[in-house]
Every structure is written in C-alpha cells, then in structure tokens.
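Read through the structure below, which is laid out as structure tokens, and then see the notes.
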Amino acid sequence: MIQIVPVETKKQKRLFIDFPHSLYAGNPNYVPALFLEQFDLLSPDKHPFYKHSQAQPFLAFRNDEIVGRICAIWNNNHNAFNHVNEGQWGFFDCIDDQEVANALFETAEKWVKAKGGDTIVGPINLSTNDTVGLLVEGFDRPPVAMMPYNSPYYMDLITNAGYGHKVDLRAYLVMEETADKRSVKLLDKLEERLKRSGITLRQFNVKDFKNEAAKVRDIYNRAWDKNSGFVPMTEDEFNYTAKDLKMILDPRFAIVAEKDGELVGFGLGIPDINQILIKVKKGRLLPTGIFKLLFGKKKINLLRVLMLGVLEDYRKLGIEACLYGRIIKESKGSNIKGAECSWMLEHNYMMNHAIEQMNGELYKRYRLYQKSL
C-alpha cells in the first residue's frame with residue numbers, strides 16, 4: 001500500500017530533502033545538494049518565489065519507509081508571461097518502481113489540475129531560473145554546479161507515466177587542451193572589430209556589485225525573453241540568487257559587453273563547487289563541510305558558464321563568441337582547465353554552433369517532459 005503525504009512540518013521537510021542521500025548511497029557521481037539551500041527553496045517564508053506562486057511537496061511511503069518524493073508547482077508569473085495555463089513538477093526522486101512513480105505523478109497532476117492547469121511540465125525545481133531537466137545522456141560523470149543528476153531508470157518511470165518529450169537541454173564541455181586554438185585567436189580579431197563599432201568587453205565590477213547586478217538582471221530578463229518556457233526573475237528573486245553567487249564570484253569569469261556605457265550582453269562562469277560538495281555528507285556544512293568548502297576552492301579545475309546572453313539587436317555580431325572566448329582566455333594561468341557551457345536549448349543553433357566551433361563536446365543532455373491533463 002502506497003501512501004502519499006503532503007510535506008507540511010519541518011521534520012517532513014528534512015525527510016524530503018534527505019531522501020536522495022539514501023537513494024543514491026554508494027553512487028560515485030551523486031552530489032548532495034546543500035541542506036540549507038534546499039530548505040529555503042521549500043520554505044514560503046524564506047524564498048521570494050512564494051510571493052507570487054505556490055508549491056506543494058509530497059512524500060511517498062510504503063510500510064512506513066520513504067520510497068519517493070515530488071513537488072507540485074504553480075508558477076503564476078510563468079503562466080502570465082508565456083500565456084499558458086500549466087503547472088510543473090520537480091524534486092522528483094523515486095525507487096525503481098512504476099507503481100510508486102505513478103502515485104507521485106498522479107498526486108502532482110491532481111494538485112495542478114485543481115489550480116486550473118491543463119498541462120504539466122517537469123522536472124523544474126521551482127522555475128526555469130533554478131535547477132531544470134532530467135539527465136538522459138552522460139551518466140558517467142558527476143554534475144557540475146547547479147545541474148541535476150539522476151539514475152537512468154527515471155526516463156522509463158516518466159514516459160511510462162504518460163509523459164512525452166518537450167525540449168532537450170544541452171551541456172557542452174570545452175577543455176583548454178582541446179579547444180580550437182584557431183577559433184580562440186580569431187576571437188581577438190573579432191573583439192577588435194567590435195571595438196571599432198563601439199562595443200567593448202570588461203570584467204564585472206565587484207566593487208559596484210549592486211548597480212552592476214541590476215544592469216545584469218535587465219539583460220538577463222530581456223535577452224532570454226523568447227526562450228522556451230523562460231520566466232523573468234523578479235527583483236527579489238534576482239537579488240536572492242545574486243547574494244549566493246556573490247560568495248563564489250570570480251570577476252575574471254564574469255564578463256560584460258558595453259555599447260556607449262550601456263550593457264548589451266554578459267557572460268558568467270562560476271567555479272564548479274560540486275567538486276567540493278560531492279565530499280560534503282548529506283549537504284551539511286556543519287561541523288566539517290564548511291572547511292571542505294573553504295579549503296577546497298583553490299583546487300577546483302572546472303567552470304560552469306552559467307549565464308550568457310546578448311540583447312536581440314546586438315546578436316549575430318560575434319559578441320557571444322567573444323564572451324565565451326574571454327572567459328576561456330582568462331582561465332589561462334589558473335587552476336581552471338575547462339568549462340561546461342550549460343544549459344543550451346537544443347534549437348538554439350547560433351549558440352550551439354559557437355561552442356562547437358571551439359571544439360566544445362556535447363557530453364550531457366537533459367530533458368523536459370510534458371503531459372496534457
């Protein structure tokens with residue numbers, strides 16, 4: 001007998017967060033999420049998402065043992081911006097049992113339908129500004145910072161529950177030793193050409209973090225506004241995310257493009273802190289995890305290019321390639337040996353081509369699924 005229980009108490013929330021740790025025990029590629037970060041994501045009194053939308057986590061029990069989890073999501077801002085009437089599911093983890101998976105999905109679908117939804121999409125862990133997608137290719141390596149990981153059998157659980165493909169998200173690996181040196185050299189000439197048009201590249205000014213972050217938020221919301229399923233960040237959501245990113249921000253890998261003093265594009269690479277978190281038991285920073293984080297940062301050898309966007313009027317000028325090139329060049333002389341560029345929509349041919357021109361390897365693929373209700 002499977003029992004689905006809504007998560008309402010702090011104890012239940014802890015059980016919800018910790019379930020994947022036991023499910024993936026012994027898996028060398030599993031990276032535990034930070035407990036405090038996950039707790040805030042699921043707390044209406046802590047995360048700005050809940051100022052405009054709702055989410056309800058559920059746990060699945062069989063004989064008093066947790067066998068699965070899921071979170072049903074209703075994002076009002078997403079629906080208004082994209083002119084849709086859909087809900088989402090996220091935080092899905094489950095034993096390899098179709099009956100348990102069906103019970104979880106049916107519960108999330110019922111919750112979304114009660115909100116008036118006609119479609120449900122996932123996995124999305126709150127919104128497209130958070131962790132998105134199910135890993136469908138590239139199970140042999142751990143995920144990088146802020147990217148998901150799951151067992152291969154999840155694909156069957158999801159499709160057998162009636163879900164179909166919505167869109168694939170790509171992750172490319174660009175390593176310094178294999179990057180196309182000719183392409184990188186051409187970027188120098190391209191950057192010079194941009195300068196003659198009044199477009200210059202520079203590092204993010206961390207000393208003026210608040211004002212710089214506000215400009216980047218404007219670019220982020222405008223540059224991504226036509227991407228599939230994107231929803232703009234509210235000011236509170238952006239500030240919430242920026243506060244966390246500030247702690248690991250390295251200005252060498254945060255590059256902005258300007259035209260007449262106005263930002264027209266930016267690229268952000270962050271250190272792959274998952275190389276440290278993979279060693280932090282159950283995602284707890286205390287008592288010893290904080291020291292692993294502090295002392296392990298210098299050993300990180302990979303970046304994740306987390307954000308890269310250019311305003312529509314300035315695309316096809318080569319700014320995107322220059323942003324990538326500058327981040328790669330800045331890594332020379334450091335411990336950084338490469339970067340994952342993720343995630344990229346499968347139909348974003350221009351950006352995908354720019355990475356492939358630098359010998360970027362398509363080494364992981366993620367997928368969003370959908371179902372009509």
Side-chain angles (χ1 to χ4, degrees), residues 4-10 12-13 16-17 33-34 36-59 69-93 104-134 146 148 163 166-167 169 213-214 217-218 220-245 306-307 343 345 366 368-373:
I4 306 295
V5 176
V7 172
E8 295 172 341
T9 67
K10 287 185 177 180
Q12 289 172 326
K13 199 180 296 184
F16 184 94
I17 295 169
L34 284 174
L36 290 176
E37 175 195 47
Q38 294 290 290
F39 195 88
D40 285 359
L41 272 175
L42 298 166
S43 301
D45 61 332
K46 294 181 180 293
H47 198 283
F49 171 86
Y50 299 96
K51 291 183 179 181
H52 57 78
S53 299
Q54 303 88 42
Q56 177 59 61
F58 296 94
L59 282 168
R69 69 174 194 170
I70 200 168
C71 185
I73 301 158
W74 187 255
N75 189 330
N76 287 306
N77 283 5
H78 165 83
N79 286 336
F81 184 79
N82 290 289
H83 308 291
V84 294
N85 201 36
E86 67 180 31
Q88 292 86 32
W89 55 264
F91 300 93
F92 172 74
D93 285 291
L104 286 166
F105 286 124
E106 287 167 7
T107 301
E109 291 159 14
K110 183 178 178 181
W111 187 90
V112 165
K113 205 167 184 178
K115 296 287 185 183
D118 55 28
T119 309
I120 187 167
V121 176
I124 296 173
N125 293 353
L126 280 194
S127 82
T128 52
N129 299 311
D130 300 296
T131 307
V132 173
L134 186 89
M146 300 172 69
Y163 285 84
K166 178 177 173 65
V167 67
L169 314 171
R217 173 180 168 254
D218 179 61
Y220 179 81
N221 284 343
R222 291 166 62 194
W224 272 265
D225 64 356
K226 292 181 180 177
N227 279 1
S228 177
F230 171 78
V231 56
M233 280 188 173
T234 65
E235 184 175 357
D236 286 342
E237 286 174 321
F238 190 88
N239 290 340
Y240 181 92
T241 300
K243 175 173 61 71
D244 289 340
L245 290 177
L306 172 67
M307 298 177 183
W343 42 264
L345 287 164
Y366 300 83
L368 281 174
Y369 293 85
Q370 63 184 355
K371 181 179 181 179
S372 296
L373 299 178

query: Rounded to the nearest 0.5 Å, what separation is found between the CG atom of Leu41 and the CG atom of Leu36?
result: 11.5 Å

query: Mind checking whether Lys51 and Thr234 have side chains closer than 4.5 Å, heavy atoms only?
result: no

query: Would you find a donor on one side and an acceptor on the other, under 3.5 Å apart, between the side chain of Asn79 and the backbone of Glu86?
result: yes

message: Please check this pair: side chain of Asp40 against backbone of Glu37, looking for a donor-acceptor N/O pair closer than 3.5 Å.
response: no

message: Would the distance check show the side chain of Gln56 and the main-chain N or O of Val7 forming a donor-acceptor pair, the cut-off being under 3.5 Å?
response: yes

- prompt: Are any non-hydrogen side-chain atoms of Gln370 and Val167 less than 4.5 angstrom apart?
  reply: no

- prompt: Mind checking whether Leu373 and Thr119 have side chains closer than 4.5 Å, heavy atoms only?
  reply: no

- prompt: If every non-hydrogen atom of Trp111 is compared with every non-hydrogen atom of Ala72, which pair is closest and at what distance?
  reply: CE3-CB, 3.3 Å

Shortest non-hydrogen contact between Val231 and Asn129, atoms and distance: O-ND2, 3.0 Å

query: Is the gap between the ring centers of Phe58 and Phe91 under 6.0 Å?
result: no

- request: Measure the shortest side-chain to side-chain distance between Tyr240 and Met233 over non-hydrogen atoms and say whether it is less than 4.5 angstrom.
  value: no

- prompt: Does Asn77 reach the main-chain N or O of Ser53 with its side chain, forming a donor-acceptor pair under 3.5 Å?
  reply: no

message: Show the nearest heavy-atom pair for residues Ala55 and Cys71, with the distance to one decimal.
response: CB-SG, 3.8 Å

- request: Give the C-alpha distance, both sets of side-chain angles, the deciding distance and a yes or no for side chain to side chain contact (heavy atoms under 4.5 Å, CB included) between Asn239 and Arg217.
  value: CA-CA 9 Å; Asn239 290 340; Arg217 173 180 168 254; 5.7 Å; no

- request: First locate atom CZ of Phe81, then atom CG of Asn76, and finally report the distance between them rounded to the nearest 0.5 Å.
  value: 15.0 Å

task: Give the intermediate values and the outcome of side chain to side chain contact (heavy atoms under 4.5 Å, CB included) for residues Leu345 and Leu169.
output: CA-CA 5 Å; Leu345 287 164; Leu169 314 171; 3.7 Å; yes

- prompt: Pro123 versus Trp89: any side-chain heavy-atom pair under 4.5 Å?
  reply: yes

- request: Supply the atom-to-atom distance Asp93 CG to Ile70 CD1, rounded to the nearest 0.5 angstrom.
  value: 10.0 Å

message: Tell me the closest heavy-atom pair linking Lys13 and Leu42, and the distance in Å.
response: NZ-O, 3.5 Å

field: Lys243, NZ: over 12 other non-hydrogen atoms inside 6.0 angstrom
entry: yes

- line: With Tyr163 as partner, the option from Phe105, Tyr369, Phe92 fulfilling ring pair (Phe, Tyr, Trp, His ring centres under 6.0 Å) is Phe105

- request: Kindly assign one of parallel, tilted or perpendicular to the pair Phe238 and Tyr220, based on the angle between their ring planes and the thresholds 30° and 60°.
  value: tilted

- prompt: Can the ring centres of His52 and Phe49 be said to be less than 6.0 Å apart?
  reply: yes

statement: Between the CG atom in Asn85 and the NE2 atom in His78, the distance rounded to the nearest 0.5 Å is 10.0 Å

task: Measure the shortest side-chain to side-chain distance between Phe230 and Asn221 over non-hydrogen atoms and say whether it is less than 4.5 angstrom.
output: yes

- request: Rounded to the nearest 0.5 Å, what's the gap from CG on Leu126 to CD1 on Ile73? Could you check?
  value: 5.5 Å

field: Pairwise distance CD1(Ile17) to CZ(Arg69) - rounded to 0.5 angstrom
entry: 8.0 Å

message: Run Gln38 and Phe16 through side chain to side chain contact (heavy atoms under 4.5 Å, CB included) and show every step you take.
response: CA-CA 10 Å; Gln38 294 290 290; Phe16 184 94; over 6 Å; no

field: side chain to side chain contact (heavy atoms under 4.5 Å, CB included) evaluation trace for Ile124 with Asn75
entry: CA-CA 11 Å; Ile124 296 173; Asn75 189 330; over 6 Å; no

